[in-house]
Structure formats: structure tokens, C-alpha cells
Amino acid sequence: MKIESVHARVLSAVPQLGVSFGMGLYDRYSMVLVEVTADNGITGYGEAIARRGAQMTATAVNELYSPILIGQDPRFIEGLWVQMVDQLRRWGHTAGVVMEALSGIDMALWDLFGKTLKRPVWELLAGSGRSRVPCYASSVYMADAETMCQQAREQMERGFRRIKIKIGRPEAQGGADADIESVAAIRHAVGSKIALVVDANGAYSVAEAIRIARQLETINVGWFEEPIPPDDIEGYARLQRMTTIPLARGETDFGIFTLRDVIQRRLIDIVQPDIARSGGITGARHVYTLTYAANLAFAPHTGFSGGLSQLAALHVASAAPTLLELEYMFIDNPLREIFKSGYPKASGGWIDVPTNPGLGLDLDLNTVARFTVTL
């Protein structure tokens, strides 16, 4: 079996409601859809993360990686992963757009492999083999306190026992004081039995994060996610010493190449790679092995990526040895609903892992065509 073609296209969609968080307002979602077709006629689909500038990522797939892969045997995914990494690592590239593009290709290779063998990806990973995965509700985005409390109560009523809250307001919106007030209001609204976690998306300085962490401790917050920018490694070390709240990060990391030192130094407690950024399913497997070795918790990030990325995270969560929970997004996202049967719905804080071959769900190609902005 040989790879005949590798191609990427950009999809974009506008949700009914945008979201506001520490990175600003997002009122349009985009993704890069990667297609890898073999000479047996089977096509595997993957997704590269594309928050902004999606065309750059698509170009990386089509121009940098496609020539490496054409004619190769798609079954040897780890070997292809190493070839792609080594091709660009020597040029100094182990992060950014090139790793995001690689992630989408790797995901498509696993989908192709599973379809060829008529087995789901989670079985092929030969990991923990969970048929159902625990998940938490994400996210209560920044708004007025009444709206945020209502959203949190709704997720509690749906059976979720852990809820993520976005913080990181700019000073014009009340800053850190408004963040603390909103978390405290939600704690009062849902009571003490619901776990609350917060995500700042790197909005704070180290000093601000320490001050905020000490106040969050009194509200019984379960983890503090991305309190400061991801490149401030010594800042994480300082913050880890100054708070009892578990720290979490991973969505802005590019797999083992940026998470390796963070994990080895125990700068965080919960590791959260995004499958569409951290090297795909193969890259996530590397990360969860490191996480297990360091005795840390594993909680894959999904965010407002498209459906393929979130589906791949579900398969990875099924296999990971130290899984805590998978992020389940309850916000409106048209790019998640690109499957004929719809994306799996969480029930009572659990989500079933698809059992069909590959990633397990068939794309609705008419919907994909409707959202396609570049071929």
C-alpha cells in the first residue's frame, strides 16, 4: 500500500454566538482539513489546528510534507512521523505552523490505517481501552456574573461534575478583580460538590497570577490553567512554589518538544496537549507516555477546534494511562458538527468512544463543502 495524495483545505464557519476569553473575541472558527489517500482507494481525514492564518498551515501540508509522503507506505505511522519531524527539525522547526500541519497529517494517517484494518483507532493504540471516557464541561466564557452562573448551573444539571471557567479579563473589563468575583459567584451558585477549574489563556504576569491563585485557593479551585504565557518557564517554576492549586497547560505546546522540560521539572500537575497541535495522535501518545512516567494527570484539550480534532482527542483519551478527564465543549461550534451522525454527545459526564473503523465517524461531505473557503 502506498500514499497517492496528501491535500489540505481550509474550512471556516461563524457560530451563533462568539466567545470572549483571555485571547480576545473569537466570532469565527476555522480548521485545516487534511486528506491522505492511498492506492487502495481509502482516504483518511485529519485536522490541523488553525486559530488564525489557516492558509499558512494548509500550505505547509501541501508544499512541505506532501512531497515527503507520496509513495510511502502509510501503515508505518511512527516512521513517517519521525521523517516529517527530522526533515524540518534540522532547519530549526519543531513548533508553530509546521507542527500543526504535521498533526493533521498524522491524524489522517491513523484514520486511514484504522479504515484499512477495519478497526477503530483507540483499539489500534492498544492502550487502556476505555469504551467510555469521563469528561468535564467547557467552558463558561467571560460575561456578566448572572450569565456565567446560569451556564454553570445548566452544565451541573446535565450531569457534569467538573466545569471550566474562563478568566483573564483586561483592565477595561474589570481585570483580575472581576475574574475573582465571577468565580466566587459561580462557586456560590453550584455549591461545594462541583469541581471548578479556571483557564486564563496566559493572560497574567507571574505576580498577578500569584495574587490571583491565593484568592482562588479560598474558592476551592481544582486547577489553574495557563495562568501565564507558555514561554515563561521560570515563571511557572515560581508560581508552582507559591500556590497549592494544581497548575495545568498544554494547548499552546507543540508536543514533546515544548512539554518535555515542563513535565520533567514537574512545573505542572495536569498535562493538556491539543491533538491538532502537538503532533497528532502519535505526538499525543509520546506526551501521555511522558506524563505517565512523571506520575502526572492527562487531560486532552479540545477547545473550539473542529470535529476531527475533538474526535481524535476522544480516541487518545481512551488509550491514555493516566487520564483525568477529556475536555467536552458545550459551546456552539458548527465545525464540530461535520459528521453524518453528529459528534457524540456527553451524558452524565461521560462520552462513548466510537467503535467504527478509523476515527469512527463519517464526514458529511456536503457540510464540509459548505464550510470550505479554499480548496
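If you read the sequence from its start, that first residue is 1, and numbering goes on from there.
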Any side-chain donor near an acceptor of the partner, Glu225 and His301, under 3.5 Å: no

Below 4.5 Å, heavy atoms only, C-beta onward: do Asn356 and Leu361 meet side chain to side chain? no

Is any side-chain heavy atom of Arg130 closer than 4.5 Å to a side-chain heavy atom of Val353? no

Can Leu117 be reached from Met107 by stepping across I, L, V, M, F, W or Y side chains whose heavy atoms are under 4.5 Å apart? yes

Is the closest side-chain heavy-atom distance between Arg9 and Glu35 below 4.5 Å? yes

Does Tyr45 have its ring centroid less than 6.0 Å away from the ring centroid of Trp110? no

Does Arg161 qualify as a cation-pi partner of Tyr136, given the criterion of NZ or CZ under 6.0 Å from the six-membered ring centre and within 45 degrees of its axis? no

Any side-chain donor-acceptor pair under 3.5 Å between Asn62 and Thr59? no

Assess whether atom CG of Asp86 is packed by more than 12 heavy atoms of other residues, nucleotides or ligands within 6.0 Å. yes

Just so I know, are the side chains of Leu196 and Asn220 near enough to count as touching, which here means a heavy-atom distance under 4.5 Å? no

Same hydrophobic cluster for Leu102 and Val98, using side-chain heavy-atom links shorter than 4.5 Å among ILVMFWY? yes

Hey, are Thr37 and Glu4 close enough side-chain-wise for a donor-acceptor pair under 3.5 Å? no

Phe224/Ile212 under side chain to side chain contact (heavy atoms under 4.5 Å, CB included): CA gap, chis, key distance, verdict: CA-CA 10 Å; Phe224 195 173; Ile212 293 164; 4.2 Å; yes

Give every donor-acceptor pair under 3.5 Å between a side-chain atom in residues 287-294 and any protein atom, sequence neighbours left out.
from, atom 1, to, atom 2, distance (Å)
Thr289, OG1, Arg285, O, 2.9
Thr291, OG1, Val287, O, 2.8

Connected to Met56, directly or through other members, by ILVMFWY side-chain contacts below 4.5 Å are Val97

